[in-house]
Protein chains: 2
Amino acid sequence: MMELTRKGEYAIRGIVYLAKQSPGKVILVSEVAEATGVPQTFLAKIFQSFAKLGLVNSFRGTGGGFLLGRPAAKITLRQVVEAVEGPIIPNRCLSDEGNCGRTSECTVHPVWRRIQEEIAAILDGVTLEDLAKGKKSL
Amino acid sequence: MMELTRKGEYAIRGIVYLAKQSPGKVILVSEVAEATGVPQTFLAKIFQSFAKLGLVNSFRGTGGGFLLGRPAAKITLRQVVEAVEGPIIPNRCLSDEGNCGRTSECTVHPVWRRIQEEIAAILDGVTLEDLAKGKKSL
DNA sequence: GGTAAAAAAGACAAAAACGGTCTTAAAGGG
DNA sequence: CCCTTTAAGACCGTTTTTGTCTTTTTTACC
């Protein structure tokens with residue numbers, strides 16, 4: 001349970017690859033795809049969602065490609081994961097305003113809330129810089 | 001992302017309902033299903049997996065039904081969730097023996113490990129007794 | 001301006017997972 | 001033997017995942 005999808009995995013691999021490049025260097029999707037072992041067209045889609053959120057910048061045409069939208073130290077793993085997987089919601093109760101339907105009876109609610117917060121906190125605490133440099137955080 | 005499935009939700013609702021009964025009382029699946037708003041045949045399946053793991057005991061025939069396999073205080077939320085959803089694996093890296101394929105490069109690995117441990121710890125810390133009594137733990 | 005190179009956008013599709021249902025069997029009580 | 005209830009497993013429609021393919025747009029360069 002609670003498994004990251006391939007998309008999430010690919011997203012991380014791809015953007016970490018970008019984070020490893022010298023700042024300002026523009027990289028082709030094809031290069032990232034090959035280097036990370038991710039299907040190119042799929043990765044392209046992922047990078048498009050990154051671009052919409054400003055996590056990466058993109059340039060079209062000859063000499064085009066992608067680079068990080070801001071310094072690697074300013075991009076958290078949470079932002080990356082949520083960009084492609086959506087918000088961290090371990091249970092439906094937590095999606096809207098505690099809309100369990102069975103709110104009063106839902107004693108599990110606070111447990112999911114806590115899990116949600118813990119995961120968020122951990123992912124917030126890791127930046128692309130950490131990942132690119134292989135920092136031993138834990 | 002990281003969402004509990006319906007099966008997981010139903011499983012919790014169902015077994016918590018059992019935990020609320022007076023110990024030793026045998027309850028029909030049909031009653032639990034109606035009380036918790038879970039499709040009966042689906043819930044029956046879920047209870048079957050519980051039975052295999054000893055989380056509940058079952059009796060067939062007239063007067064049959066289900067009851068907890070041990071005291072509610074001895075059943076953790078983790079056991080319930082893992083019974084129906086499988087082990088807590090936020091990332092494929094963590095499933096086998098760190099079988100990332102790309103092990104050395106996988107700097108995210110420790111992050112998922114930590115998330116896995118945090119979730120496990122939280123779920124381990126909640127028993128069916130807590131849930132049945134609506135204990136405010138967090 | 002024309003052409004080639006790239007990303008953007010969106011339609012499409014196979015495969016797997018989800019969320020069940022249905023049927024048959026087995027066991028127990030009266 | 002018959003009724004009740006769980007056990008087991010086949011089955012099935014829908015949604016999500018995991019992509020691909022095609023067309024369009026933008027840009028650089030000649």
Side-chain angles (χ1 to χ4, degrees), chain A residues 1-15 18 25-34 36-69 81 83-87 89 91-92 95, chain B residues 1-15 18 25-34 36-69 81 83-87 89 91-92 95:
Chain A
M1 70 160 298
M2 318 292 270
E3 202 159 339
L4 198 70
T5 65
R6 299 265 161 138
K7 183 154 74 163
E9 244 183 80
Y10 293 166
I12 296 171
R13 280 199 226 161
I15 203 169
L18 285 189
K25 191 176 175 197
V26 175
I27 311 283
L28 293 181
V29 153
S30 53
E31 178 186 334
V32 181
E34 188 172 8
T36 57
V38 173
Q40 178 173 339
T41 55
F42 199 9
L43 186 61
K45 291 288 184 186
I46 293 169
F47 274 20
Q48 280 174 33
S49 14
F50 284 160
K52 278 180 191 158
L53 296 169
L55 295 182
V56 304
N57 288 331
S58 66
F59 300 98
R60 285 149 100 142
T62 314
F66 292 89
L67 41 69
L68 289 189
V81 167
V84 294
E85 304 260 24
I89 298 175
N91 190 275
R92 286 173 180 78
S95 56
Chain B
M1 68 160 299
M2 320 293 268
E3 203 159 338
L4 199 69
T5 64
R6 299 262 162 152
K7 183 154 72 163
E9 244 184 82
Y10 293 165
I12 296 171
R13 281 198 225 163
I15 204 170
L18 285 190
K25 190 177 177 195
V26 175
I27 312 283
L28 294 179
V29 156
S30 54
E31 178 186 334
V32 182
E34 187 172 8
T36 56
V38 173
Q40 178 173 339
T41 55
F42 200 11
L43 186 61
K45 291 288 184 186
I46 293 169
F47 274 19
Q48 280 173 34
S49 15
F50 285 159
K52 278 181 192 159
L53 296 168
L55 295 183
V56 304
N57 288 332
S58 65
F59 300 98
R60 285 148 100 141
T62 314
F66 293 89
L67 43 68
L68 290 189
V81 168
V84 293
E85 303 260 24
I89 297 175
N91 191 274
R92 286 174 180 77
S95 57

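In what follows, chains are A, B, ... by sequence order, proteins preceding strands, each numbered from 1. Keep in mind that the numbers below use all heavy atoms, side chains included, and drop hydrogens, waters and symmetry copies.
- Toward the 5' end of DNA chain D, the nearer of the two residues A:Phe59 and B:Phe47, judged by each one's closest nucleotide, is B:Phe47.
- Taking atom CD1 of B:Ile46 as the reference point, atom P of D:dG9 lies 17 Å away to the nearest angstrom.
- Side-chain proximity of A:Phe42 to the nucleotides D:dG19, D:dT6, C:dA8 is greatest for D:dG19.
- For the residue pair B:Thr36 and B:Arg13, the shortest heavy atom distance occurs at O-NH1, 2.7 Å.
- Here the options are A:Thr5, A:Ile46, A:Val84, the test is side-chain contact (heavy atoms from CB on, under 4.5 Å), and the partner is A:Tyr10; only A:Ile46 passes.
- At C:dG19, none of the side-chain N or O atoms of B:Tyr10 fall inside 4.0 Å of OP1 or OP2 (strictly under the cut-off).
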Nucleic acid footprint by protein, nucleotides 22-27 of chain C - heavy-atom cut-off 4.0 Å, B for base, S for sugar-phosphate alone: ----BB
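- The nearest whole Å value for the distance from the CG atom in A:Asn57 to the P atom in C:dA6 is 18 Å.
- Put simply, CD on A:Glu3 is 18 Å from P on D:dT16, counting in whole angstrom units.
- Between A:Glu34 atom CD and C:dA6 atom C1' the separation is 17 Å, expressed in whole Å.
- A close approach under 4.0 Å does not occur between any side-chain nitrogen or oxygen of B:Ser58 and OP1 or OP2 of D:dT5.
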Could you tabulate the donor-acceptor pairs under 3.5 Å formed by side-chain atoms of residues 54-67 of chain A, not counting sequence neighbours?
none

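- Counting heavy atoms of neighbouring residues, nucleotides and ligands inside a 6.0 Å radius, atom CD of A:Glu31 exceeds 12 of them.
- Between C:dA7, C:dA9, D:dA8, one nucleotide has an atom nearer to the side chain of A:Lys52 than all others, and that is C:dA9.
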Intermediate values then yes/no, side-chain contact (heavy atoms from CB on, under 4.5 Å), A:Leu68 and A:Ile15: CA-CA 8 Å; A:Leu68 289 189; A:Ile15 203 169; 3.7 Å; yes
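- One interatomic measurement links the two molecules: CD of B:Gln40 to P of C:dG20, which rounds to 14 Å at whole-angstrom precision.
- Residue A:Glu9 contributes atom CD, which lies 9 Å from atom P of D:dT18 at whole-angstrom precision.
- In this structure, A:Arg6 atom CZ and D:dT16 atom C1' are separated by 14 Å, rounded to whole Å.
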Pair A:Val81-A:Ile12, side-chain contact (heavy atoms from CB on, under 4.5 Å): steps then yes or no: CA-CA 7 Å; A:Val81 167; A:Ile12 296 171; 4.1 Å; yes
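- Closest approach to the B:Leu28 side chain among D:dA7, C:dG19, D:dT6 is made by D:dT6 (side chain taken as heavy atoms from C-beta onward).
- A:Gln48 places its CD atom 16 Å from the P atom of D:dT24, with the value rounded to the nearest Å.
- Separation of atoms CG (B:Leu18) and NZ (B:Lys25) is listed at 11.0 Å; rounding is to 0.5 Å.
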